[in-house]
Protein chains: 2
Amino acid sequence: MKGSRKRALLMSDLAKMAGVSKSTVSRALAGSDLVNKETRALIQKLAAEHNYRINTNARNFFLQNSLTIAVLLPSANKGDWRISDPFFLELLGGIAEAVNEKGHQLLLAKTHPQTGNWIEDFINAHTTDGVILIGQGSQHQKINEIAEHFKGLSVWGAEVDDGQHYATVGSDNELGGYKATRHLIDQGRRHIVFLGYTTLPEVSLRHAGYQRALLEVGLPIDKQLERPARHSRSAGYASTKKLIEAGVTFDAIFAVSDLFAMAAITALQEEGIRVPEDVAVVGYDDVAISAFYNPPLTSIRQDRTEGGRLLVDNLLAAIDGETPPCRVLDTELIVRKSSGG
Amino acid sequence: MKGSRKRALLMSDLAKMAGVSKSTVSRALAGSDLVNKETRALIQKLAAEHNYRINTNARNFFLQNSLTIAVLLPSANKGDWRISDPFFLELLGGIAEAVNEKGHQLLLAKTHPQTGNWIEDFINAHTTDGVILIGQGSQHQKINEIAEHFKGLSVWGAEVDDGQHYATVGSDNELGGYKATRHLIDQGRRHIVFLGYTTLPEVSLRHAGYQRALLEVGLPIDKQLERPARHSRSAGYASTKKLIEAGVTFDAIFAVSDLFAMAAITALQEEGIRVPEDVAVVGYDDVAISAFYNPPLTSIRQDRTEGGRLLVDNLLAAIDGETPPCRVLDTELIVRKSSGG
DNA sequence: CTGTTAGCGCATTCAT
DNA sequence: ATGAATGCGCTAACAG
């Protein structure tokens, strides 16, 4: 570290102090039983007293690993980082927790999927032991190709097909979509808008759940009510505005993210449409602010702590040569005022 | 990287292919003029074709640096990561942008200030070139002690005093507090609550601005209106509830963060108090969701992109042995519906 | 139980 | 303009 001037303490220094060899110090610090209890204690005391810190660079270099895990957040365009969705942040928190528990460090990187250098850069730079991808987006093909020859991958998203070479972690999207829609139906709503971009695997599954709920109670599937809006705040707003302008009749909205739901509600209220009286709204993710939204937002909760843990578990397993399974998290319907409950 | 089995391509491999020595390859890849134009081109072509990636570990080890910057996010208690405030996330986005531009990587770490292992661990682990601290919190003393003998520090927060050994980057908190309060006064409000925990340097300055605005127009400083609530969502909610229960008269709230403001608004509305008709509210940060809150939130905007850039600039300067100055960012009042505008 | 030796992959003298 | 030799700090054989 350039910042501190004085030469750092080395193992050889400790060795001199303790009157032993570097190897013994190395072993003692690693807690090896191979070394005499007293010498070990002495060395550890010395290290603590002199505030010795191992040179991680040297260690990683020798060990050919880094105890570091990269988390890649796809960013649509510069500035508009998708991480701006609190859900990803909360998930990141869960990942950080788990990564720390495993004694690893977390490297955070943004990526444009468009840009050539992508996952591969990390893979080969030897700078991380593995890569967690947050959101597979519409990159399944590309990811799958990479996963074919590289195993240190763990992906937040949805299982796509059987020929998939990487494991995903994600909530039970189909069931989540079903629960949300079913809840709206149970509130007496009949014209339920689906707000989301079904090209994304996760969203596509939520959409399947939406349709299942409708069919189950004999409601028609009205294409007019399916708004293929992109996964962003402003798009949710614009989409809802267009829906209103088009004069489409609806009494509920299922939005595939809370942020999206909030944007929709903003649009509704600007038009004098009341939530939940005129239109009931359910979101997805149960982001922290949702409880403090006005009206408080009904949402489908995904457990990010558990999600982060599973992502890390899967990754470490993959690095060890195992083939971890795709994991599906429970979803929970959190009923608040926005759905009329 | 354990994940990929086949031995990685080394410089010596490229050297063999090109029929030159390792040194030449090293120089060619670094773009040195010392090497013949044609050989250089050949080597670079070869490297690209065979998808050569330099072993970052080895490089860092030799160079004694890491091209890595750690960002430390203080977390109050496990699980409740302060990063859950979108503002920090947005700031993190700005930092990531700047870090990338400088060709560095970003290591993200949570820390409990209580826990012994803190900044020092990073400093001595040689794993990062420097450390960015997000929010000095109430740790000024501790940080200052560290900064005395270690220069690779850059801190988001507020300048505390002249004997300070580290540089901060932050918005003009006093002016921000003033602008917010003055705006409420201009809306005809007279009983303005200050919601924030003044132990934090940043908040203390915002509070100073609050008082300046009041004094300027001859309004009394009413201690009853100053709520020393902690910097968290739920506390903002609880604090506001208590204020109402106590029967204190007020017609406006200046909250020191948007999240805080939203929590307050939720509390108000639960009690049937209308925003902005009965109570006008101004927040701080102008977080992305604020525009889509209901009512849309008036707030003091801090430029996180610029903030991130300055934090990184300051850090790199500090690492190079310079003594960068504390930076103060402009603030901008964004008027939306919550303040009655 | 402990010391000696060697080498990870790179960038950099110092030669040519 | 290029090559040979050196060493960064550590761990892991291999000997004792």
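In what follows, chains carry the letters A, B, and so on, assigned in the order in which the sequence lines appear, proteins first and then strands, with residues in each chain numbered from 1.
- Separating the CE atom of B:Met11 from the P atom of C:dC10 is a distance of 5 Å, rounded to the nearest angstrom.
- Checked by distance alone, B:Ser23 brings no side-chain donor or acceptor within 3.5 Å of a matching partner on the base of C:dA11.
- Taking atom CG on A:Leu14 and atom C1' on D:dG9, their separation rounds to 13 Å, with Å as the unit.
- In this entry the distance linking CD1 of B:Ile43 with P of C:dC10 reads 13 Å, nearest Å.
- Counting to the nearest Å, the P atom of D:dG9 and the CG atom of A:Leu9 are 11 Å from each other.
- Contact between A:Leu14 and A:Leu29 at its shortest, heavy atoms only, is CD1-CD2, 4.3 Å.
- Where B:Asn36 and B:Ala58 meet DNA chain D, the nucleotide closest to each residue was compared, and B:Asn36 sits on the side nearer the 5' end.
- We find that NZ of B:Lys16 is positioned 16 Å from C1' of D:dG3, with the value rounded to whole Å.
- Rounding to whole angstrom units, CG of residue A:Asn57 and C1' of C:dG9 are separated by 13 Å.
- Ring-to-base geometry does not place B:Phe61 in a stacked arrangement with C:dC10 (centre distance under 5.5 Å, plane angle under 30° required).
- Map A:Lys22 and B:Gly19 each onto its nearest nucleotide of DNA chain D; the residue landing nearer the 5' end is B:Gly19.
- A:Asn60 has its CG atom 15 Å from the C1' atom of C:dC10, to the nearest Å.
- When all heavy atoms of B:Ala147 and B:Leu153 are compared, the pair lying nearest together is CB-CD1, 4.0 Å.
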Inset, instruction - Walk me through it: do A:Tyr166 and A:His140 pass the test ring-ring contact (aromatic ring centres under 6.0 Å, His included)? - result: CA-CA 10 Å; A:Tyr166 61 94; A:His140 168 64; 5.7 Å; yes

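- In terms of phosphate contacts, B:Tyr52 brings no side-chain nitrogen or oxygen within less than 4.0 Å of OP1 or OP2 of C:dG9.
- A donor atom on one side chain and an acceptor atom on the other are not found under 3.5 Å apart for A:Ser23 and A:Ser26.
- Distances were taken from every side-chain heavy atom of A:Arg27 (C-beta onward) to each of D:dC10, D:dA4, C:dG3; the shortest belongs to C:dG3.
- Between the base of C:dT12 and the side chain of B:Ser26 there is no donor-acceptor pair shorter than 3.5 Å.
- The CG atom of B:Leu29 sits 8 Å away from the P atom of C:dA11 (whole-angstrom rounding).
- For B:Ser12, no side-chain nitrogen or oxygen approaches OP1 or OP2 of C:dG9 to under 4.0 Å.
- Phosphate proximity of C:dT2 to A:Thr39: present, with a side-chain N or O under 4.0 Å from OP1 or OP2.
- Of the candidates D:dC10, C:dT12, C:dT2, the closest approach to any side-chain atom of A:Leu34 belongs to C:dT2.
- The two residues B:Ile43 and B:Ala18 come nearest to each other via the heavy atoms CG1-CB, 4.1 Å.
- Comparing atom distances between the B:Asn55 side chain and each of C:dC10, D:dA12, C:dG3 picks out C:dC10 as nearest.
- Between B:Gln64 and the phosphate of C:dA11, there is no side-chain N or O to OP1/OP2 separation shorter than 4.0 Å.
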